[in-house]
Amino acid sequence: MIEKESKKELSGFFEDFLKKEPIIHEKTVLKSNYNPDEILHRDDQINQIAQTLAPALRETKPSNLFIYGKTGTGKTVSVKHTTDQILKVAEKNSNKNLRILYINCKLKKIADTEYRLIAQLARELGKDIPVTGLPTDEVYNIFFAVLEKQGVTLVLVLDEIDQLMKKTGDEILYNLTRINAELSHSQVSIIGISNDLVFADNLDPRVKSSLSEEEIIFPPYNALQIQDILRSRAEKAFRKEVLEPGVIEKCAAYAAREHGDARRALELLRVSSDLAERRGQMKVSVSDIDEAEEKIERERVVDIVIAQPKQFQATLYSIISVYLKNRDMVSTGEAYLVYKNICSRIGLRPLTQRRFSDIVSELDMLGIINARVTSKGRYGRTREIELAINDTILLKIRNILEKDLEG
DNA sequence: GTCAATTCACATGAAAGAGACCACGGTCTAGTG
DNA sequence: CTAGACCGTGGTCTCTTTCATGTGAATTGACGA
């Protein structure tokens, strides 16, 4: 009976699906890796990048460039856009000696350590380097040799460079900035892109001065600018009149609230139109956006949590347990006690408190919890841990963890 | 009441170990002509 | 004779432990008004 019902519904569903015209007709436009032809509200920055890079066309070394700006302010897009253009021009004038390497330092297993970064660079230049097994300076030598042999002007774009520095220190940058002294046929200049505005302050002053010969700051977009961006993308992505009035404004407002993150705005728009389409609506309404936001957040957290190693999950689980019990700030000590219990229950070797403490701050960085150190005077010093996720998601996470840990 | 010393409960740093990977070169083995 | 299997060595990377040191303010206790 029930089955019959659902079968009928299912075929009906497919029929309806076919009859309907899709809301979205060009989905990729809304994806974050889409490369638009024109970049709005970034003319100044693009011009600056272009001016800095232009000497490369005459085979003189461009100044090193440092770009700051929060996520979703168009840094990567602008740089890619500019470098694409300059490459085109170089090609047209048959200048074969300009090479641009774009590397995202955050990518695990590719460029998140000194060895891997240099190895990756050498690989991009066409030299095969083993994933591991060679001494780091050997890799440097190989890289130098290739570079010297090819005799090129190399522009190295290091995206999310702050991540790399945080993990490995600034030695790489020091070595890279010094490269030119050792090369006679090639030259290298570096474009560093960082989300972290104060990042350069912790850098070795020598590195800092040579790296930031030029600096560009990408300010956050304001709500109006985000609206413009959304509109231009929406025009390509949707059929006419699909978006109810106010939708774009609301997406923009949400994103502007989060330090003007255009990427986020686009994601909101994409997910809410997805939801609307799946539900068979003909239009995207304002209320879809709220739902989209909830969905994005939920998926983000769930994805992060299930990708964590066991120890992290156990840590998080213990924090959640304590939090749900007394609905208050959790201290490291409390959580650690519970954690040890959980470990013995599920047969996991408990880590030391030292490590536990590190895991807590790593969870903090992932944005699942908020932890800040406070001193309670006579009663010591600890992290006060709060969950950074709302209760519905929290319970869901707890269930997932419970299953994962028992299993 | 004031002020410096004390004290708590961890935070934070540094160094080093364990174990997983991996490349490389040398040696051994089995298959081939 | 040679290709491939099989070591041992030396390297990186990640996660972790051990040992040491740091730290911010409530509390304490001495001191002087």
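So you know, we letter chains A, B, ... as the sequences are listed, proteins then strands, and number each from 1.
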- Task: Tell me what A:R349 touches on the nucleic acid: a base, only sugar-phosphate, or nothing, going by heavy atoms under 4.0 Å.
- Result: sugar-phosphate
- Query: Side chains of A:Y336 and A:N341: do they bring a donor and an acceptor to under 3.5 Å?
  - Reply: no
- Message: Hydrogens and angles aside, do A:T153 and A:Q187 bring a side-chain donor and acceptor to less than 3.5 Å of each other?
- Response: yes
What's the closest nucleotide to the [X] side chain, out of [options]?
| X | options | value |
| --- | --- | --- |
| A:R355 | C:dT17, C:dT14, B:dC8 | C:dT17 |
| A:R354 | C:dC13, C:dC15, C:dC19 | C:dC19 |
| A:S357 | C:dC15, C:dG24, B:dT12 | B:dT12 |
| A:R381 | B:dG13, C:dT17, C:dG22 | C:dG22 |
| A:L351 | C:dT16, B:dA11, C:dT14 | C:dT16 |
| A:Y379 | C:dA25, C:dA26, C:dC13 | C:dA26 |

- Query: Any salt bridge between A:R300 and A:E293, counting N to O under 4.0 Å?
  - Reply: no
Let me know the distance between [atom1] of [X] and [atom2] of [N], rounded to the nearest Å.
| X | N | atom1 | atom2 | answer |
| --- | --- | --- | --- | --- |
| A:Q353 | C:dC19 | CD | P | 16 Å |
| A:K310 | C:dC15 | NZ | P | 16 Å |
| A:D358 | C:dC15 | CG | P | 12 Å |
| A:Q311 | C:dT14 | CD | C1' | 14 Å |
| A:Y336 | B:dA9 | OH | P | 16 Å |
| A:I142 | C:dG11 | CD1 | P | 14 Å |
| A:Y115 | C:dT12 | OH | C1' | 7 Å |
| A:R378 | B:dC10 | CZ | P | 15 Å |

- Query: Any side-chain N or O of A:R116 under 4.0 Å from OP1/OP2 of C:dT14?
  - Reply: yes
- Query: Between B:dA11 and A:T332, is there an OP1 or OP2 to side-chain N/O distance shorter than 4.0 Å?
  - Reply: yes
- Would you kindly check if the NZ (Lys) or CZ (Arg) of A:R233 is within the cone defined by 45 degrees around the ring axis of A:F238 and under 6.0 Å from the six-membered ring centre? no
- Which word best sums up how the rings of A:Y339 and A:F356 line up, parallel for under 30°, tilted for 30 to 60°, or perpendicular for over 60°? tilted
